[in-house]
Amino acid sequence: DSGAITVERVAGSVGVRTQSGAIELRRLGNTVAATSGSGAVFIDDAAGAVSVDTRSSAFTGRAVGGNLRVRTMSGAVDASLAGPGDVDVETGSSAIHLERVRGALAARTRSGRVEVHGAPQRPWEVMTGSSSVDVAVASNALNLDARSRSGSVQIQGASINGTVEKRAIKGTAGAGGPLVRITTGSG
């Protein structure tokens, strides 16, 4: 219940739970569910959907092939995807860093920086209460709605047909496409 757990090379579904030990999972062929009270969770090469819950530790994921769902109260989230799965990440007070996102995205944190890189094929929503957001897309066709209550909003590398102001950008890039909505309170 409080020791570290390591699981490797399992073809079936994997479920792991610990109160305070770290969880390390590698080369998994199906769905993964990991729950930790205060131990960090590391997953490398998971073919199926991944679900992670932790109260006070970080999550690192590499080569996630299916959907990704992460909930953490105070741990940072750093993940890269290997497939077109949807991503749903929420953390109370830490940073979120996501690479190669193609599916739908919901990324929320109350006070951490958010960085997302990918090619949206479905809607994206990124929200932070009090930090900055950096979104890099590998597509020129999208609808953008970016707002900051007290900071500034900038766009680089694309032309927007719509409204571009200091604290808000709303419009279409290219021929339009999935909605990318970005909201920050003070970043």
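Every heavy atom of this structure was used, including side-chain atoms; hydrogens, water molecules and symmetry mates were not. The first residue of the sequence shown is numbered 1, and numbering continues consecutively from there.
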Identify whether [X] and [Y] are in the same connected component of the hydrophobic contact network (ILVMFWY, side-chain heavy atoms under 4.5 Å).
X      : Y      : answer
Val10  : Leu25  : yes
Val164 : Leu142 : yes
Met127 : Val180 : no

Start with the C-alpha gap between Ser148 and Arg167, add the side-chain angles, then the distance that decides, and say whether side chain to side chain donor-acceptor pair (under 3.5 Å) holds.
CA-CA 5 Å; Ser148 177; Arg167 291 199 172 110; 5.6 Å; no
Gap separating the [atom1] atom of [X] from the [atom2] atom of [Y], nearest 0.5 angstrom:
X      : Y      : atom1 : atom2 : result
Thr35  : Arg55  : OG1   : CZ    : 9.5 Å
Arg100 : Leu81  : CZ    : CG    : 8.5 Å
Glu90  : Arg108 : CD    : CZ    : 4.5 Å
Glu24  : Ile5   : CD    : CD1   : 11.5 Å
Lys170 : Leu144 : NZ    : CG    : 10.5 Å
Ser80  : His97  : OG    : NE2   : 9.0 Å

So, the side chain of [X] versus the backbone of [Y]: is there a donor-acceptor pair under 3.5 Å, distance only?
X      : Y      : answer
Ser132 : Arg113 : no
Trp124 : Gly103 : yes
Thr128 : Gly185 : no
Asn143 : Gly177 : yes
Thr109 : Ser94  : yes

Listed pairs under 3.5 Å, donor-acceptor, residues 36-48 side chains, sequence neighbours left out:
residue, atom, partner, partner atom, Å
Ser36, OG, Gly39, N, 2.8
Ser36, OG, Gly39, O, 2.6
Asp44, OD2, Arg26, NH1, 3.4

Grab the two heavy atoms, one from [X] and one from [Y], that are nearest each other, plus how far apart they are.
X      : Y      : value
Ile23  : Ala34  : CD1-CB, 4.3 Å
Ala79  : Phe59  : CB-CE2, 4.1 Å
Arg62  : Asp78  : NH2-OD2, 3.1 Å
Ala11  : Asn30  : O-CB, 3.4 Å
Ser131 : Thr184 : O-OG1, 2.6 Å
Gly171 : Ile160 : CA-CG2, 3.8 Å

Is the closest side-chain heavy-atom distance between Arg110 and Ser93 below 4.5 Å?
no
Flag the pair Val137 / Pro120 as yes when at least one side-chain heavy-atom distance between them is below 4.5 Å, and no otherwise.
yes
Do Arg147 and Thr183 have a side chain donor and acceptor closer than 3.5 Å?
no
Would you give me the side-chain donor-acceptor pairs under 3.5 Å for residues 64-75, sequence neighbours excluded?
residue, atom, partner, partner atom, Å
Asn67, OD1, Asp86, N, 2.8
Arg69, NH1, Ser51, OG, 3.4
Arg69, NH1, Asp53, OD1, 3.3
Arg69, NH1, Asp53, OD2, 3.2
Arg71, NH1, Asp88, O, 3.3
Arg71, NH1, Asp88, OD1, 3.4
Arg71, NH2, Asp88, OD1, 3.3
Arg71, NH2, Asp88, OD2, 3.0
Thr72, OG1, Thr54, O, 3.4
Thr72, OG1, Ser57, O, 3.2
Thr72, OG1, Gly75, N, 2.9

